[in-house]
A.B. asks: 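Sending over a structure as structure tokens; questions will come in a sec.
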Amino acid sequence: MKKTLILLLALLMVLSCCACGYKNPELTEEQLKLVITDIPQPEPEVARNPLTGEPLDDPSTVNNRPVAVMLNNIHYAMPQHGLQDCDIIFEFVVEWDVTRLMGVFHDVRNVGTIGSVRSARPYYIETVMGMEAIYVHAGGSDEAYYMLYDLPIDDFDEIDFDVFWRDKERRKTMAFEHTLMTSGERISSTITNYGWSLLHSEGYEYPFTYVEDGTPYSDTKATNVTVRFSDYKTGTFDYDPATGRYLVGQYDTQHVDGNTGEQLSIVNLLILRTEIYRNGDAAGHMVAEIWGSGEGTYICGGKAIPIMWHKETMEDPFTYTLADGTHFSLGIGNSYVCVIDKEDVVTMS
């Protein structure tokens, strides 16, 4: 810093002498370069993934719409493929006690196999709408289909066979409905073939900010977290201080990505509470009230803090604030969002 100041003062003296009519002492080209290059330069802005805060390999994709894929989560249909490549995972109960995941990818192009793919539900569609995402699913409930017909959503259904295939190995041990797979390459090439816009609408902005360490200022310990969705499904999230990530489990075992054979890990865990109840049909389909605001918990770095979630309309994304309404930043990395009923049990230790 002292060297920089001395060089700047020398340059100012030279310029001052010129202005006063004194003879200009000549500086060599090397001296001029030294003066210029030693002046602190602003760091170039890094294009970052708006869903994780991580630097993008391809900065041109920064304003791309994400792709959201419905994923099977029945115990005997494990493992899922493509989990660790998800930037955000949403989990709701879909019927009776069974949950389903929706994996959201900012850039799906280089993701390998994704699946198995299952059907749409209204609250997932409402989540997709808020993110302007392209939606990938295999069928849907009656209400979900009404919404897909009526709303301006770009979606790939099972009838788009250029996007999907049936996995022969899974067919040997699983029912037919648990065998539908897709891939990042198939999704991205088909989006191009359909001519859908890859970019967000003008003025769209993601509501998240990120910091290197997202650990909340809290005395509440959260190194071992369990989230009970139903009698059938409880999720576990165990903090690994060596990596700063939570290792995900379910059904009393590790939650493994079939592409890598490794346990799913995440940086941010968000638990959102709302009203969830059966809609009264014979299939046991659920209703999840995700418009408005509600209470929740943000967990990162082994600590937890109360938050509020907000989603005022179908077209709005989920946003999160502290309980007093102030903004907070997530940790740089992927997120897992558990949407549960107000009465469901969460334990932390």
Side-chain angles (χ1 to χ4, degrees), residues 51 65-71 73 86-104 118-137 140-153 155 204-208 227-230 233 235 266 268-281 283-299 306-323 325 327-328 330 335-346:
L51 301 182
R65 300 165 63 197
V67 170
V69 184
M70 294 299 301
L71 297 170
N73 202 37
C86 297
D87 296 316
I88 305 176
I89 295 173
F90 289 90
E91 183 170 13
F92 292 79
V93 175
V94 289
E95 61 237 13
W96 302 116
D97 286 342
V98 174
T99 69
R100 192 158 293 164
L101 309 182
M102 184 174 75
V104 183
R118 291 306 304 267
S119 57
R121 294 293 183 271
Y123 31 89
Y124 283 112
I125 295 171
E126 292 167 353
T127 304
V128 164
M129 288 283 289
M131 304 182 78
E132 294 190 343
I134 294 168
Y135 191 37
V136 182
H137 61 101
S141 64
D142 290 343
E143 186 178 357
Y145 263 130
Y146 294 144
M147 294 174 70
L148 291 170
Y149 289 145
D150 291 340
L151 297 171
I153 298 175
D155 71 294
Y204 183 90
E205 292 185 5
Y206 281 96
F208 313 119
V227 181
R228 184 185 181 279
F229 287 86
S230 67
K233 164 64 196 284
I266 52 107
N268 304 293
L269 174 61
L270 296 116
I271 303 170
L272 315 183
R273 292 187 176 275
T274 188
E275 297 285 348
I276 298 179
Y277 51 91
R278 303 196 194 286
N279 72 359
D281 67 12
H285 291 146
M286 308 298 289
V287 175
E289 303 285 357
I290 61 169
W291 292 15
S293 299
E295 297 179 348
T297 306
Y298 171 59
I299 299 170
I307 62 169
M308 297 293 293
W309 62 264
H310 312 275
K311 183 175 170 38
E312 299 307 318
T313 71
M314 188 185 305
E315 292 79 15
D316 291 322
F318 278 111
T319 60
Y320 313 112
T321 64
L322 297 179
H327 175 80
F328 71 95
L330 304 175
S335 299
Y336 198 118
V337 183
C338 303
V339 186
I340 60 174
D341 185 73
K342 293 178 178 179
E343 303 302 321
D344 287 335
V345 176
V346 175

A.B. asks: Would you please name every residue forming a side chain to side chain donor-acceptor pair (under 3.5 Å) with Y124, sequence neighbours left out?
C.D. replies: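 For Y124, no residue satisfies side chain to side chain donor-acceptor pair (under 3.5 Å) once neighbours in sequence are set aside.
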
A.B. asks: Side chain to side chain contact (heavy atoms under 4.5 Å, CB included) with V67: which residues, sequence neighbours excluded?
C.D. replies: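 Applying side chain to side chain contact (heavy atoms under 4.5 Å, CB included) to V67 gives V69, V108, I134, V136, I187, I191.
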
A.B. asks: Once you round to the nearest 0.5 Å, how far does CG of N73 lie from CG of L101?
C.D. replies: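 Nearest 0.5 Å value for the CG-CG distance: 4.0 Å.
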
A.B. asks: What are the two closest non-hydrogen atoms of M131 and Y206, and how far apart are they?
C.D. replies: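 Minimum heavy-atom separation between M131 and Y206: O-OH, 4.3 Å.
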
A.B. asks: Flag yes if more than 12 heavy atoms outside Y146 fall under 6.0 Å of its OH atom; otherwise flag no.
C.D. replies: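 Open: at most 12 neighbouring heavy atoms sit under 6.0 Å from OH of Y146.
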
A.B. asks: For H310 and T321, which I'm curious about, is there any donor-acceptor pair between the side chains at under 3.5 Å?
C.D. replies: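 A pair is found: one side chain offers a donor N or O, the other an acceptor, under 3.5 Å apart.
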
A.B. asks: Any idea which heavy atoms bring I276 and V339 closest together, and the distance?
C.D. replies: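 Heavy atoms only, the tightest pair is CD1-O, 3.7 Å.
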
A.B. asks: Can you name the side chain to side chain contact (heavy atoms under 4.5 Å, CB included) partners of E275, sequence neighbours left out?
C.D. replies: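 Here the qualifying residues are Y277, E289, D341, K342.
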
A.B. asks: For the CD1 atom of I299 and the CG atom of L269, what is their distance to the nearest 0.5 Å?
C.D. replies: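 Nearest 0.5 Å value for the CD1-CG distance: 4.5 Å.
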
A.B. asks: Decide whether R100 and S119 meet the rule of one side-chain donor and one side-chain acceptor closer than 3.5 Å.
C.D. replies: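 Looking only at side-chain atoms, S119 and R100 do form a donor-acceptor pair, the distance falling under 3.5 Å.
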
A.B. asks: Output yes when a side-chain donor or acceptor of K311 lies under 3.5 Å from a complementary backbone atom of D316, and no otherwise.
C.D. replies: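 Yes, K311 side chain to D316 backbone: donor-acceptor pair under 3.5 Å.
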
A.B. asks: Can you confirm whether E312 sits close enough to S293 that some side-chain heavy atom of one is under 4.5 Å from a side-chain heavy atom of the other?
C.D. replies: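 Yes - at least one pair of side-chain heavy atoms lies under 4.5 Å apart.
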
A.B. asks: Considering all heavy atoms of both residues, which atom of V227 and which atom of C338 are nearest to each other, and what is their separation?
C.D. replies: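 Looks like CG1-CB, 4.2 Å.
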
A.B. asks: Do Y204 and E132 have side-chain heavy atoms sitting under 4.5 Å apart?
C.D. replies: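 They are in side-chain contact.
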
A.B. asks: Measuring from atom CG of L270 to atom OG of S335, what distance do you get when rounded to the nearest 0.5 angstrom?
C.D. replies: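 These two atoms lie 6.0 Å from each other.
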
A.B. asks: Do the ring planes of F318 and Y320 sit parallel (below 30°), tilted (30 to 60°) or perpendicular (above 60°)?
C.D. replies: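 Answer is parallel, since the angle falls under 30°.
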
A.B. asks: Quick one: are I153 and M129 in side-chain contact, heavy atoms under 4.5 Å?
C.D. replies: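 In contact.
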
A.B. asks: Measure the CG-OG1 distance between L272 and T274 for me, rounded to the nearest 0.5 Å.
C.D. replies: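 Atom-to-atom, L272:CG and T274:OG1 are 9.0 Å apart.
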
A.B. asks: Got V337 and I88 here, is their nearest side-chain heavy-atom distance under 4.5 Å?
C.D. replies: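 Yes. Closest side-chain heavy atoms under 4.5 Å.
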
A.B. asks: If every non-hydrogen atom of F328 is compared with every non-hydrogen atom of I307, which pair is closest and at what distance?
C.D. replies: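 Scanning both residues completely, I find the closest heavy atoms to be CE2-CG2, 3.7 Å.
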
A.B. asks: Pairing donors with acceptors under 3.5 angstrom, does anything connect the side chains of Y336 and E91?
C.D. replies: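 Their side chains do contain a donor-acceptor pair, which is all the 3.5 Å distance test asks for.
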
A.B. asks: Could you list the residues that satisfy side chain to side chain donor-acceptor pair (under 3.5 Å) with T127, not counting sequence neighbours?
C.D. replies: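 For T127, no residue satisfies side chain to side chain donor-acceptor pair (under 3.5 Å) once neighbours in sequence are set aside.
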
A.B. asks: Quick one: list whatever passes side chain to side chain contact (heavy atoms under 4.5 Å, CB included) with S141, sequence neighbours left out.
C.D. replies: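 Partners of S141 by the side chain to side chain contact (heavy atoms under 4.5 Å, CB included) criterion, ordered by chain and then number, come out as R121, P122, E143, A144, H285.
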
A.B. asks: In Å, rounded to the nearest 0.5 Å, how long is the span from OG1 of T99 to CD1 of I340?
C.D. replies: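 Nearest 0.5 Å value for the OG1-CD1 distance: 12.5 Å.
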
A.B. asks: Under a 4.5 Å cut-off applied to non-hydrogen side-chain atoms, are V94 and W96 in contact?
C.D. replies: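 No, too far: nothing below the 4.5 Å cut-off.
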
A.B. asks: Is the backbone N or O of G296 less than 3.5 Å from a side-chain atom of R273, with the two atoms forming a donor-acceptor pair by type?
C.D. replies: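 Not at all, since once roles are kept as given, no pair shorter than 3.5 Å links the two residues.
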
A.B. asks: Check A68 against M102 and note the closest heavy-atom contact, atom names and distance.
C.D. replies: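 Scanning both residues completely, I find the closest heavy atoms to be CB-SD, 3.7 Å.
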
A.B. asks: Check side chain to side chain contact (heavy atoms under 4.5 Å, CB included) between W291 and all other residues, then give those that pass, not counting sequence neighbours.
C.D. replies: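 W291: side chain to side chain contact (heavy atoms under 4.5 Å, CB included) contacts with E126, M314.
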
A.B. asks: Using every non-hydrogen atom in the two residues, find where Y135 and I125 come nearest and quote the distance to one decimal.
C.D. replies: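 Taking every non-hydrogen atom into account, CE2-CG1, 3.7 Å.
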
A.B. asks: Can you measure from CG (L330) to CG (N268) and round to the nearest 0.5 angstrom?
C.D. replies: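 With rounding to 0.5 Å, CG (L330) is 4.5 Å from CG (N268).
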
A.B. asks: Parallel, tilted or perpendicular: which describes the rings of Y145 and H137, with under 30° parallel and over 60° perpendicular?
C.D. replies: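 Ring orientation of Y145 relative to H137: perpendicular.
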
